[in-house]
Amino acid sequence: MLKNKKFATYAIAFNVLGIVFMFMYSGLQNDHYNIIASFSAWSATQVQLGRTIAEYVCIVLTFIYGTFFMKYGVRKTLIPCILLCALGCVGIVAANGLVINDGVGSFGLYTVSSFILRCCCMCFQMAGFQLAANWFIKYRGRVLGIITLGSPLFSVVGVGGMTNLIANHWNGDYRPFYVGITVVLVVIAILTRFLLRDTPEEVGLYPDGADHAPLSEDNADADEIHMTVKQVLSEKRAWLLIVSYGAFQFIINCCMSSMAIRYISLGGLEVWLAATKWLSVGAILGIFMSYVFGWLDDKYGTIIASIALGVSELLPVCMLMFMPEGGNAGMEILWGFGVACMTGGVPTMHPASITYAYGRREYQSANRIIMAIQLIPSAFAAMMMAALIQSGKGFTAYLICVIVIVVGLIATLMLRSVPDAMAADRAYNKENA
């Protein structure tokens, strides 16, 4: 890959920006609500309201974004979404609603802003996945492992670091954080415009910097491969992916949206602030797991890597389920490490699994439908967890999560019957390694 200098330039630019994409997606989809919940005068359900409404809209937007990728291209779809995310952050700043200001502010503006933010930030993830599928076959898993480092990284500097910074140095005022995110988003939009391209073929290259077109696409006409909703939903492979990674994604939404509420319910804000320190430690220890899952995908296959991921999700769920009053440092470290595995592993393996089943050319045709359906249960995750935890049923909330993980693992095992769509290229790469 690095022998081809032209390809290497684009690959390095994508890997760097890809990390930023996943950092922003993970933070703006779920994690930053823990910051708001910690310092806002609004209740947990109020904090989640705009996001919860957006979850339902995102079901449709997933299909729309995917269709736009196919029709207009990735960058032309992504850049406007980045700028709308920046607008959402400005709205959160203007809405105020801080405890230190006695909750004086506009809840309506906050709700609309968080709605915009959630609807648009998902394009970060979808674009990163699509670009990885377009540009890489041999190195697909490892590249996905690199860019998804951004997800657990937000757990360190976003949730853990920023919560303590806001509490200890900014007097509980989270607005400077969102001002900073706004500036970063504008810079990302500019860099995306000038440094990235949708496909290697667009600049006279092939995936992985190879000297030939993908072998698995020899008989494929890119203009003809646009699977319909009916075609995708009539196939077993689609439903197995929907259930398996729908379950794993649901768990992320459950855990990441509820962790502040869970710890606060176990002893107040002090317990949550203490836990964020261990979240940072665990996330630092687990950041490399994003790459490990990608390496497992390239080395041992998507199914084995997916099973390992499903098992790892049990760690943060069980730690939150059995966490005692006042917290426990040892369990919090394991929880933090589990969160890093989960937030790094799912983004790595989700696109890898769809590419495994459908190939590079059919990836978005299938993904826009599969991902849209997967978002349906995820739309209920945050409100379900908040309602159960606030009613004193935290153990039950996380027991439900354990059951969902088991269902996801069963569906993953059944994926062994689905052939690798890029098998010809993977076989060639092994023979010529």
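Values reported hereafter were calculated over all heavy atoms of this structure, with side chains retained and with hydrogens, waters and symmetry mates removed. Numbering of residues begins at 1 and proceeds along the displayed sequence.
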Query raised in the report: Hey, mind stepping through Met385 and Cys401 against side-chain contact (heavy atoms from CB on, under 4.5 Å) and telling me if it holds?
Result: CA-CA 10 Å; Met385 297 299 288; Cys401 291; 4.2 Å; yes
Query raised in the report: Just wondering, do Tyr398 and Ile389 contact through their side chains at under 4.5 Å, heavy atoms?
Result: yes
Requested in this report: Considering non-hydrogen atoms only, spot the tightest contact between Met321 and Leu399 and give its length.
Outcome: SD-N, 3.6 Å
**Report entry** Verdict with supporting geometry, Met342 and Leu315, side-chain contact (heavy atoms from CB on, under 4.5 Å)
**Finding:** CA-CA 9 Å; Met342 177 175 63; Leu315 186 59; over 6 Å; no
Query raised in the report: CG/Leu131 to CZ/Phe21 distance, rounded to the nearest 0.5 angstrom?
Result: 7.0 Å
Query raised in the report: Are Thr276 and Asn164 linked by a side-chain donor-acceptor pair shorter than 3.5 Å?
Result: yes
Query - Heavy-atom side-chain contact between Met371 and Phe63 under 4.5 Å - result: no
Report task. Using modelled atom types only, decide if a donor and an acceptor are shared between the side chain of Asn253 and the backbone of Ala382 within a distance under 3.5 Å. Result -> no
**Report entry** Full working for side-chain contact (heavy atoms from CB on, under 4.5 Å) between Met22 and Ser290
**Finding:** CA-CA 11 Å; Met22 296 303 141; Ser290 296; over 6 Å; no
Query - Ring centroid separation Tyr65 to Phe68 under 6.0 Å - result: no
Query raised in the report: Does Leu309 offer a backbone N or O that forms a donor-acceptor pair with the side chain of Ser312 under 3.5 Å?
Result: yes
Query raised in the report: Regarding Ser151 and Thr343, is there a side-chain donor-to-acceptor distance under 3.5 Å anywhere?
Result: no
Query raised in the report: Side-chain contact, heavy-atom cut-off 4.5 Å: Ile92 with Tyr110?
Result: yes
**Report entry** Nearest non-hydrogen partners of Ala381 and Phe250, listed with the distance
**Finding:** CB-CE1, 3.8 Å
**Report entry** Donor-acceptor pair, side chain of Asp297 and main chain of Phe293, under 3.5 angstrom
**Finding:** no
Report task. Would you please indicate yes or no on a ring centroid separation below 6.0 angstrom for Phe380 and Tyr56? Result -> yes
Report summary line: Looking only at heavy atoms, the pair that brings Tyr363 and Gln130 closest together is CD2-OE1, 3.7 Å
Requested in this report: Would you confirm whether Ser26, through its side chain, and Phe23, through its main-chain N or O, come within 3.5 Å as a donor-acceptor pair?
Outcome: no
Query raised in the report: Phe14 and Trp135: aromatic ring centres closer than 6.0 Å?
Result: no
Query raised in the report: Just how far is it from atom CD1 of Ile36 to atom OG1 of Thr163, taken to the nearest 0.5 Å?
Result: 11.0 Å
Query raised in the report: Given Tyr178 and Tyr174, is the ring-ring contact (aromatic ring centres under 6.0 Å, His included) satisfied, shown in steps?
Result: CA-CA 7 Å; Tyr178 287 96; Tyr174 55 63; 5.7 Å; yes
Requested in this report: Step by step, work out the ring-ring contact (aromatic ring centres under 6.0 Å, His included) result for Tyr245 and Phe248.
Outcome: CA-CA 5 Å; Tyr245 277 88; Phe248 299 155; 5.3 Å; yes
Report summary line: Smallest heavy-atom separation, Leu83 atom then Ala189 atom, equals CD2-CB, 3.9 Å
Query raised in the report: CD1/Ile354 to CD1/Ile369 distance, rounded to the nearest 0.5 angstrom?
Result: 10.5 Å
Requested in this report: Give a yes or no on whether the backbone of Arg175 and the side-chain of Trp170 come within a donor-acceptor separation of less than 3.5 Å.
Outcome: no
Requested in this report: Give, for atom CZ of Arg142 and atom CG of Leu144, the distance between the pair rounded to the nearest 0.5 Å.
Outcome: 11.5 Å
Report task. May I ask you to decide if Asp298's main-chain N or O and Tyr139's side chain share a donor-acceptor pair within less than 3.5 Å? Result -> no
**Report entry** Student check: side-chain heavy atoms of Leu117 and His32 closer than 4.5 Å
**Finding:** yes
Query raised in the report: Hey, is the main chain of Ala357 close enough, under 3.5 Å, to the side chain of Arg237 for a donor-acceptor pair?
Result: yes
Query - Residue pair His350 / Gln125, side-chain donor-acceptor N/O under 3.5 Å - result: no
**Report entry** Heavy-atom pair with the smallest gap, counting every atom of Tyr33 and Leu28
**Finding:** CE1-O, 4.0 Å
Report summary line: Closest heavy-atom pair, Arg368 versus Thr62, reported as atoms and distance to 0.1 Å, is O-CG2, 3.7 Å
Query - Residue pair Met259 / Leu279, side-chain heavy-atom distance below 4.5 Å - result: yes
Query - Residue pair Pro351 / Arg140, side-chain heavy-atom distance below 4.5 Å - result: no
**Report entry** Intermediate values then yes/no, side-chain contact (heavy atoms from CB on, under 4.5 Å), Tyr356 and Leu415
**Finding:** CA-CA 10 Å; Tyr356 166 87; Leu415 274 170; 5.6 Å; no
**Report entry** Flag for Gln29-Tyr25: side-chain donor and acceptor within less than 3.5 Å
**Finding:** yes
**Report entry** Between OH on residue Tyr300 and CD1 on residue Ile307, distance to nearest 0.5 Å
**Finding:** 14.5 Å
Query raised in the report: Short question: side chain of Trp239, backbone of Leu233 - any donor-acceptor pair under 3.5 Å?
Result: yes
Query raised in the report: How about Tyr263 and Asn34: do any of their side-chain heavy atoms sit closer than 4.5 Å?
Result: no
Report task. Please answer whether the main-chain N or O of Ile190 pairs with a side-chain N or O of Arg193 as donor and acceptor at a distance below 3.5 Å. Result -> no
Query - Inter-residue atom distance Glu235.CD - Met227.CE, 0.5 Å rounding - result: 4.0 Å
Query raised in the report: Within a strict 4.5 Å, meaning less than it, do heavy atoms of the Met24 and Cys121 side chains meet?
Result: no
Query raised in the report: Taking the side chain from Thr228 and the backbone from Gln231, do they hold a donor-acceptor pair closer than 3.5 Å?
Result: yes
